[in-house]
K.L.:
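Supplied in structure tokens, the structure appears directly below.
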Amino acid sequence: GEDVEQSLFLSVREGDSSVINCTYTDSSSTYLYWYKQEPGAGLQLLTYIFSNMDMKQDQRLTVLLNKKDKHLSLRIADTQTGDSAIYFCAETENQAGTALIFGKGTTLSVSS
Amino acid sequence: NAGVMQNPRHLVRRRGQEARLRCSPMKGHSHVYWYRQLPEEGLKFMVYLQKENIIDESGMPKERFSAEFPKEGPSILRIQQVVRGDSAAYFCASSPGRGGTEAFFGQGTRLTVV
């Protein structure tokens with residue numbers, strides 16, 4: 001079945017770059033997503049990438065997609081303490097994209 | 001434009017009681033999705049609804065769980081005869097059309113079964 005794997009924790013210093021990695025199994029996914037969850041809050045869509053793209057950049061965020069290896073990464077440049085949160089990678093379960101499969105989340109801790 | 005509103009934010013139920021979770025989608029959104037997040041797990045898809053219709057309930061447990069999205073009013077996720085294993089955060093998302101690229105999530109309802 002479909003599965004999304006992420007490392008559980010990442011700790012960085014303020015100002016450094018953070019790279020959060022994710023592997024997925026469903027090669028038919030049309031979109032891949034990154035969500036951010038702050039403590040006690042819902043999920044905020046950070047960015048998504050269409051499966052025929054290799055890279056997408058949006059301000060401090062860079063998403064890299066390696067379809068051959070089914071590997072997705074999120075790079076946050078100049079990481080700030082406000083970036084501390086749980087980051088979820090997700091893929092679409094079906095072509096319509098109406099059901100998302102989430103990883104367990106990577107907890108990013110940023111120290112000053 | 002208010003975001004996706006879920007209430008209550010926290011709900012405590014005794015084993016055997018019923019839990020009703022409400023989700024009001026964003027204005028103009030007619031598609032609603034429910035997800036469950038167990039402790040230290042990712043979100044798991046439960047059900048996808050459009051107004052008055054269940055489109056995909058492949059993630060719903062076969063018993064005790066039901067969902068509706070009436071013509072008027074919020075979407076309701078109902079859990080009958082709750083058990084301790086139902087304790088989780090339940091998130092609702094809404095979108096104007098099909099697909100996840102425009103889905104916005106609510107803050108979730110944290111259900112605790114005692």
Side-chain angles (χ1 to χ4, degrees), chain A residues 1-9 20-26 28-53 56 58 63 65 72 85-107, chain B residues 2-10 21 23-26 29-50 53-60 67 69 88-110 112:
Chain A
E2 301 90 353
D3 203 7
V4 176
E5 299 283 342
Q6 299 179 240
S7 52
L8 294 181
F9 299 101
I20 303 171
N21 295 301
C22 167
T23 56
Y24 62 96
T25 56
D26 188 356
S28 65
S29 289
T30 49
Y31 289 96
L32 294 132
Y33 304 82
W34 283 105
Y35 282 86
K36 176 183 180 183
Q37 184 182 34
E38 295 184 50
L43 274 71
Q44 172 194 354
L45 177 63
L46 281 180
T47 186
Y48 62 89
I49 187 166
F50 191 52
S51 58
N52 69 353
M53 297 169 65
K56 181 178 179 181
D58 184 1
V63 179
L65 175 60
L72 183 74
I86 303 175
Y87 290 80
F88 291 94
C89 167
E91 63 171 339
T92 47
E93 184 179 52
N94 52 34
Q95 287 292 321
T98 52
L100 299 177
I101 301 171
F102 286 84
K104 292 185 180 182
T106 298
T107 299
Chain B
V4 178
M5 303 300 292
Q6 289 188 248
N7 68 81
R9 291 291 308 279
H10 300 275
L21 288 64
C23 169
S24 296
M26 286 181 70
H29 288 194
S30 58
H31 299 248
V32 165
Y33 316 81
W34 285 94
Y35 287 81
R36 175 164 67 173
Q37 183 181 30
L38 293 168
E40 299 182 10
E41 295 281 329
L43 279 75
K44 303 291 186 190
F45 169 77
M46 298 181 77
V47 62
Y48 161 47
L49 310 101
Q50 284 182 260
N53 289 303
I54 296 174
I55 307 301
D56 180 357
E57 56 182 348
S58 58
M60 285 280 268
F69 188 16
Y90 292 82
F91 289 94
C92 167
S94 73
S95 65
R98 292 169 70 93
T101 58
E102 295 177 298
F104 290 85
F105 280 79
Q107 291 184 299
T109 294
R110 278 152 182 84
T112 302

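Residue numbers start from 1 in every chain, and the chains themselves are labelled A, B, ... in the order their sequence lines are given, proteins ahead of strands.
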K.L.:
Could you pull out the closest heavy-atom pair between A:Y35 and B:A103, with the gap in Å?
P.N.:
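Taking every non-hydrogen atom into account, OH-O, 4.3 Å.
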
K.L.:
Counting heavy atoms not belonging to A:K36, are there more than 12 under 6.0 Å from its NZ?
P.N.:
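Counting other residues, nucleotides and ligands, NZ of A:K36 exceeds 12 neighbours.
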
K.L.:
So which part of A:Q44 gets closer than 4.5 Å to some heavy atom of chain B, the side chain, the backbone, both or neither?
P.N.:
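Neither part, no heavy atoms under 4.5 Å.
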
K.L.:
Can you tell me which portion of B:F104 sits under 4.5 Å from chain A's heavy atoms? Options are side chain, backbone, both or neither.
P.N.:
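No part of it gets close to chain A.
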
K.L.:
Please report the closest heavy-atom contact between A:F88 and B:E41, naming both atoms and the distance.
P.N.:
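Closest approach of A:F88 to B:E41: CE2-O, 4.4 Å.
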
K.L.:
For B:Q37, which atoms come within 4.5 Å of any heavy atom of chain A: side chain, backbone, both, or neither?
P.N.:
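Answer is side chain: those atoms of B:Q37 sit under 4.5 Å from chain A.
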
K.L.:
Heavy atoms only: give me the nearest B:F105-A:L43 pair and the separation to one decimal.
P.N.:
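Shortest heavy-atom contact: CB-O, 3.4 Å.
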
